[in-house]
Amino acid sequence: HVEPLDQVLPYNGLDAIACLDVFLELDSRLEDPGTRAAYGRQVRTTIAYVQMLREGIPVKAEVVKEFNDRLETAEASARTAIQASKQARLFKRSLGRVFDPGVDADLDALFGGLLGRDEIVVERRDKNTKKMVTKKSFDAEVLKAMDDLEISGAILDLRAQEKLLKTYIRPLAGWVF
């Protein structure tokens with residue numbers, strides 16, 4: 001059953017105006033960064049859950065929990081492998097702190113500073129100016145180029161586990177357990 005556009009659009013226009021007013025009113029209440037972050041997390045989880053239900057995909061709590069547990073175990077194993085690596089131990093001895101693979105400054109200090117790896121300097125096209133620029137990168141392509149280092153593979157593994165958890169499992173977890 002399809003409604004003619006000329007009959008539907010007037011209602012959509014009124015709905016959009018009302019929604020915009022409500023959005024602007026509620027948005028002003030989210031000034032506190034903690035509140036805005038909590039709201040953002042809720043919006044992301046709602047979208048994932050509702051989209052799955054809309055598509056007719058059943059969301060079973062026990063399956064989500066099983067994947068969550070499995071991926072969190074793999075994530076913890078990857079973190080352990082990173083800290084146990086020769087390179088992370090060198091980082092700790094040299095800089096007096098634990099290496100954090102999620103911090104670009106730590107990646108730069110390790111790969112660029114302590115290990116002197118040239119692979120981190122890449123030439124890429126700037127998305128805004130479209131010009132070629134030289135910059136440091138710690139993306140998957142760069143880490144794969146340093147496959148002679150045990151820490152590179154462990155960082156890639158950690159990122160894969162984090163991506164699966166963040167994209168698919170954690171958005172659903174708030175709804176099902």
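The model shown is predicted, which means the values in this text are computed figures rather than measured ones.
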Asker: Using the side chain to side chain donor-acceptor pair (under 3.5 Å) criterion, which residues pair with Gln83? Sequence neighbours excluded.
Answerer: none
Asker: Output a table of donor-acceptor pairs, distance under 3.5 Å, between side-chain atoms of residues 88-102 and any protein atom two or more places apart or on a different chain; print 'none' if there are none.
Answerer:
| unit_1 | atom_1 | unit_2 | atom_2 | d |
| --- | --- | --- | --- | --- |
| Arg89 | NH1 | Ala84 | O | 2.3 |
| Ser94 | OG | Leu90 | O | 2.9 |
| Arg97 | NH1 | Asp106 | OD1 | 2.5 |
| Arg97 | NH1 | Asp106 | OD2 | 3.2 |
| Arg97 | NH2 | Asp106 | OD1 | 3.2 |
| Asp100 | OD1 | Gly102 | N | 2.9 |

Asker: Set out, in order, the CA-CA distance, both residues' side-chain angles and the distance that settles side-chain contact (heavy atoms from CB on, under 4.5 Å) for Asp147 and Ser152, then state yes or no.
Answerer: CA-CA 6 Å; Asp147 64 353; Ser152 297; 5.9 Å; no
Asker: Could you state the interatomic distance from CG (Leu165) to CG (Leu71), rounded to the nearest 0.5 Å?
Answerer: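 Result: 4.5 Å between the selected atoms.
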Asker: At what distance, to the nearest 0.5 angstrom, does CG of Leu115 lie from CD1 of Ile151?
Answerer: 8.0 Å
Asker: Any chance you could lay out the side-chain contact (heavy atoms from CB on, under 4.5 Å) test for Ile155 and Ile82, step after step, and finish with the verdict?
Answerer: CA-CA 7 Å; Ile155 292 171; Ile82 288 168; 3.9 Å; yes
Asker: Restricting to pairs with a member in residues 67-80, which pass salt bridge (Lys or Arg N to Asp or Glu O under 4.0 Å), not counting sequence neighbours?
Answerer: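 Of all non-adjacent pairs touching residues 67-80, those that pass salt bridge (Lys or Arg N to Asp or Glu O under 4.0 Å) are Lys65-Asp69, Glu66-Arg70, Glu72-Arg170, Glu75-Arg79, Glu75-Arg170, Arg79-Glu162.
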Asker: State which residues pass side-chain contact (heavy atoms from CB on, under 4.5 Å) with Ala78; sequence neighbours excluded, sorted by chain then number.
Answerer: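 Counting only residues at least two positions away or on another chain, Ala78 forms a side-chain contact (heavy atoms from CB on, under 4.5 Å) with Asp157, Leu158.
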Asker: Excluding sequence neighbours, so at least two apart, what forms side-chain contact (heavy atoms from CB on, under 4.5 Å) with Glu150?
Answerer: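 Per chain and number, Glu150 pairs via side-chain contact (heavy atoms from CB on, under 4.5 Å) with Ser85, Lys86, Gln87.
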Asker: With sequence neighbours excluded, what pairs up with Lys136 under the side chain to side chain donor-acceptor pair (under 3.5 Å) test?
Answerer: Asp108
Asker: Asp126: which residues meet the side-chain contact (heavy atoms from CB on, under 4.5 Å) condition with it, sequence neighbours left out?
Answerer: Asn128, Thr129, Val133
Asker: Output all residues satisfying side chain to side chain donor-acceptor pair (under 3.5 Å) with Asp104, sequence neighbours left out; order by chain, then residue number.
Answerer: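 Expected list: none.
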Asker: Quick test of your reading: applying ring-ring contact (aromatic ring centres under 6.0 Å, His included), list the pairs with at least one residue in residues 104-124, sequence neighbours left out, ordered by first then second residue.
Answerer: none
Asker: Hydrophobic clusters here meaning ILVMFWY residues chained together by side-chain heavy-atom distances under 4.5 Å, can you tell me if Val103 and Ile120 are in one?
Answerer: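 They do not share one cluster, since no chain of ILVMFWY contacts under 4.5 Å joins Val103 to Ile120.
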Asker: If you group Ile, Leu, Val, Met, Phe, Trp and Tyr whenever their side-chain heavy atoms sit less than 4.5 Å apart, what else falls in with Met132?
Answerer: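 Its cluster mates, by chain and number: none.
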Asker: What pairs with Asp148 under side-chain contact (heavy atoms from CB on, under 4.5 Å), at least two apart in sequence or on another chain?
Answerer: Arg117, Met146
Asker: Determine, step by step, whether Asp139 and Val122 satisfy the side-chain contact (heavy atoms from CB on, under 4.5 Å) criterion, reporting the C-alpha distance in whole Å, the side-chain angles of both residues, the deciding distance to 0.1 Å, and the verdict.
Answerer: CA-CA 10 Å; Asp139 65 10; Val122 297; over 6 Å; no
Asker: For residues Leu164 and Leu143: do they belong to one hydrophobic cluster (side chain heavy atoms under 4.5 Å, members Ile, Leu, Val, Met, Phe, Trp, Tyr)?
Answerer: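 As far as the 4.5 Å side-chain criterion goes, Leu143 and Leu164 are not connected within one cluster.
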